[in-house]
Amino acid sequence: MKVFKFGGASVKDAASVKNVREILSHYNGERLCVVLSAMGKTTNALEAVADAWIKQDMAAITLLNEIETFHMDISKELNGAGSKQLKLIIREIRQLLQSAPPALYDAAYDLVVSNGELMSTAIVSDYLNLNGLTNQELDARKVLITNEAYRNARVSWEETSGKIRAAFDESNPEQFAPVTVTQGFIGSSTNGHPVTLGREGSDFSAAIFAYALDAGEMIIWKDVPGVLNADPRHFDDTVLLDRISYRDAIELAYFGASVIHPKTIQPLQNKNIPLYVKSFEKPEEKGTLIHSFEDQPLNTPCYIVKKEQVLVSVSPNDFSFIAEDGLHTIFGLLSHMGIRINLMQNSAISFSICIDDHPDKLNRLFKALSGDFRVKYNRGLELITIRYYNKKITDKIVNKRPVLLEQKSRLTLQLVVESQKSK
């Protein structure tokens with residue numbers, strides 16, 4: 001069993017879907033689990049629909065019509081009359097928008113946004129079946145079971161693994177097909193409510209399927225040749241990493257490397273499943289292998305830049321120490337508001353964190369802290385992470401910008417600096 005994950009860029013139009021079939025044809029006769037993201041920028045488009053619906057804005061219907069046209073055009077190019085399943089999905093969304101949204105924003109969000117993956121799998125599955133690649137379509141919501149944490153659901157591993165194995169049971173000829181097409185990013189809560197696993201969560205979904213199925217390998221098909229040591233949008237002299245360890249991969253993903261979702265590595269490492277990151281444009285190339293290479297540290301520095309960062313410093317009003325009870329309060333608020341810490345550091349009377357700039361969450365956080373703490377903050381910053389750093393590389397990247405916060409470990413250096421555009 002091999003598990004493949006194709007992201008939004010790899011199914012963005014009819015030509016891309018045809019390319020997916022071409023890639024799969026090279027694995028003829030093998031059992032494949034194909035995990036798909038929503039097409040192109042559909043998730044963003046559905047987020048706009050969800051936001052309009054929650055505000056009871058009639059623009060929601062107009063926005064949905066645009067999404068319908070985009071998908072139907074692709075489906076008709078691939079399949080003349082268009083996918084019947086796609087039409088049903090659009091009809092169900094339209095009916096949903098005519099009802100009152102749930103009081104909880106995130107629950108309403110998941111009801112709408114989870115449909116992106118359903119639409120892409122409907123189109124791709126139809127096209128494959130019509131063009132000689134027999135497959136079954138599996139609704140991930142029936143097998144990937146989670147808690148009720150909308151937009152960031154946590155997997156119920158035992159129940160999920162059992163349901164996935166049952167869905168792929170070869171002893172039932174009615175269920176068996178050499179290729180199974182399913183959705184990334186989505187699942188269902190134990191109460192049957194649609195949930196999502198967090199943005200870019202399709203990588204994680206594929207790893208969940210690989211874990212449950214004891215897959216021989218997993219491949220993420222990307223629009224890059226593999227894992228690079230830096231984002232080519234920010235750096236000209238990037239280097240392809242032929243192989244990296246699970247540890248390096250999870251560290252890079254955690255620090256913000258966008259090529260792999262941070263949660264992807266753990267289930268693969270737990271069962272020693274090799275992960276390849278390969279180019280869907282040049283599938284014959286080797287890409288990057290992520291596996292157990294703990295005794296082979298990288299010789300190449302890796303750079304990650306997170307823009308739109310905010311440095312927040314919190315101090316007690318009474319000039320007392322930042323002790324465990326104060327940290328408990330701060331961490332509790334961060335957890336409750338869904339704010340992820342990218343870097344933290346404390347002194348005797350101050351606790352500093354670097355976080356993404358979400359103005360609504362920041363305002364709520366500052367208001368909640370104002371009773372017991374003094375809060376200072378700087379916006380318009382960048383968080384630079386260098387794994388396997390050296391002084392020459394560091395000086396080049398910082399480029400004489402003021403460093404507001406610095407933190408080092410044996411292998412990793414993190415710097416909070418002013419953004420280039422603020423100079």
Side-chain angles (χ1 to χ4, degrees), residues 1-7 9-10 19-20 22-24 26-27 30 32-35 37 200 202-204 206-207 210-211 215-306 384-390 392-394 396-397 409-414:
M1 171 69 73
K2 291 180 171 64
V3 176
F4 291 173
K5 182 265 178 172
F6 290 92
S10 62
N19 185 57
V20 168
E22 177 64 22
I23 290 172
L24 297 181
H26 292 287
Y27 297 86
E30 298 191 53
L32 304 177
C33 173
V34 179
V35 179
S37 296
E200 311 301 330
S202 292
D203 288 358
F204 183 36
Y211 174 92
E217 64 183 46
M218 174 175 153
I219 302 178
I220 297 176
W221 298 94
K222 304 282 291 185
D223 56 356
V224 291
V227 178
L228 304 175
N229 72 321
D231 189 332
R233 294 174 297 182
H234 305 311
F235 297 89
D236 296 327
D237 52 350
T238 57
V239 176
L240 175 67
L241 305 175
D242 293 330
R243 54 170 55 190
I244 59 175
S245 68
Y246 289 127
R247 181 178 296 277
D248 278 329
I250 201 167
E251 291 283 0
L252 292 173
Y254 176 82
F255 290 133
S258 59
V259 73
I260 305 171
H261 188 278
K263 294 181 181 178
T264 304
I265 302 301
Q266 187 220 354
L268 301 177
Q269 187 276 336
N270 286 175
K271 291 197 173 179
N272 202 35
I273 298 170
L275 169 62
Y276 292 86
V277 180
K278 301 183 71 173
S279 167
F280 61 75
E281 296 173 341
K282 298 179 180 179
E284 71 282 357
E285 296 186 353
K286 292 193 304 181
T288 300
L289 170 60
I290 301 170
H291 205 207
S292 302
F293 303 122
E294 303 307 325
D295 58 341
Q296 301 177 35
L298 289 173
N299 295 318
T300 305
C302 298
Y303 326 122
I304 300 161
V305 177
K306 288 180 72 74
I384 300 173
T385 302
I386 309 173
R387 189 151 173 88
Y388 301 103
Y389 61 92
N390 59 54
K392 181 179 179 181
I393 291 294
T394 303
K396 179 181 177 181
I397 293 176
S409 67
R410 292 181 181 88
L411 301 178
T412 305
L413 169 66
Q414 290 190 280

> Looking only at heavy atoms, what is the nearest atom pair of Lys278 and Pro283, with distance?
Replying inline: NZ-O, 3.3 Å
>> Looking at Thr264, is its backbone amide N or carbonyl O close enough to the side chain of Asp203 to form a donor-acceptor pair, meaning the two atoms are under 3.5 Å apart?
In response: no
> From Leu413 CG over to Thr394 OG1, what is the distance, rounded to the nearest 0.5 angstrom?
Replying inline: 5.0 Å
> Shortest non-hydrogen contact from Met218 to Ala206?
Replying inline: CE-CB, 3.5 Å
> Under 3.5 Å, side chain of Thr288 to main-chain N/O of Leu241, donor-acceptor pair present?
Replying inline: yes
>> I'd like to check the side chain to side chain contact (heavy atoms under 4.5 Å, CB included) partners of Arg410; sequence neighbours left out, ordered by chain and number.
In response: none
> Picking from Thr412, Asn229, Asp248, Asn299, what satisfies side-chain contact (heavy atoms from CB on, under 4.5 Å) with Tyr388?
Replying inline: Asp248
>> Which heavy atom of Asp223 sits nearest to which heavy atom of Ala9, and what is that distance?
In response: OD2-CB, 4.1 Å
> Any side-chain heavy atom of Cys33 within less than 4.5 Å of one from Met1?
Replying inline: yes
>> According to side chain to side chain contact (heavy atoms under 4.5 Å, CB included), who are the partners of Lys286, at least two apart in sequence or on a separate chain?
In response: none
>> Please enumerate all residues that pass ring pair (Phe, Tyr, Trp, His ring centres under 6.0 Å) together with Tyr303, with sequence neighbours excluded.
In response: Phe235
>> Counting only heavy atoms from other residues, nucleotides and ligands, does the tally under 6.0 Å from CD of Glu200 exceed 12?
In response: no
> What are the two closest non-hydrogen atoms of Leu240 and Gly226, and how far apart are they?
Replying inline: CD1-CA, 3.7 Å
> Looking only at heavy atoms, which two atoms of Ser10 and Val20 are closest? And how far apart?
Replying inline: O-CG2, 3.5 Å
> What pair of heavy atoms forms the shortest contact from Asn19 to Phe280, and how long is it?
Replying inline: ND2-O, 2.9 Å
> Roughly how far, to the nearest 0.5 Å, is CZ of Arg387 from CD of Gln414?
Replying inline: 10.5 Å
> Taking only residues two or more places apart in sequence or in another chain, which ones pass ring pair (Phe, Tyr, Trp, His ring centres under 6.0 Å) with Tyr246?
Replying inline: His291
>> Ser202: which residues meet the side chain to side chain contact (heavy atoms under 4.5 Å, CB included) condition with it, sequence neighbours left out?
In response: Lys5, Ser37, Glu117, Phe185
>> Do Leu228 and Val259 make a side-chain contact, defined as non-hydrogen atoms from C-beta onward lying under 4.5 Å apart?
In response: no
> What is the distance from atom CD1 of Ile220 to atom CD1 of Ile290, rounded to the nearest 0.5 Å?
Replying inline: 7.0 Å
> Could you give the distance from CD1 (Ile304) to CZ (Phe255), rounded to the nearest 0.5 Å?
Replying inline: 7.0 Å
>> Walk me through whether Asp231 and Val305 qualify under side chain to side chain contact (heavy atoms under 4.5 Å, CB included).
In response: CA-CA 8 Å; Asp231 189 332; Val305 177; over 6 Å; no
>> Can you pull out every salt bridge (charged side-chain N to carboxylate O under 4.0 Å, His left out) where at least one residue sits in residues 236-245? Sequence neighbours excluded, please.
In response: Asp237-Lys396
>> Distance check, rounded to the nearest 0.5 Å: Glu284 atom CD versus Ile23 atom CD1?
In response: 9.5 Å
>> Applying side chain to side chain contact (heavy atoms under 4.5 Å, CB included) to Leu24 and Phe6, what does each step give before you reach the verdict?
In response: CA-CA 11 Å; Leu24 297 181; Phe6 290 92; 4.2 Å; yes
> What's the spacing between Thr300 OG1 and Ile244 CD1 if we round to 0.5 Å?
Replying inline: 11.0 Å
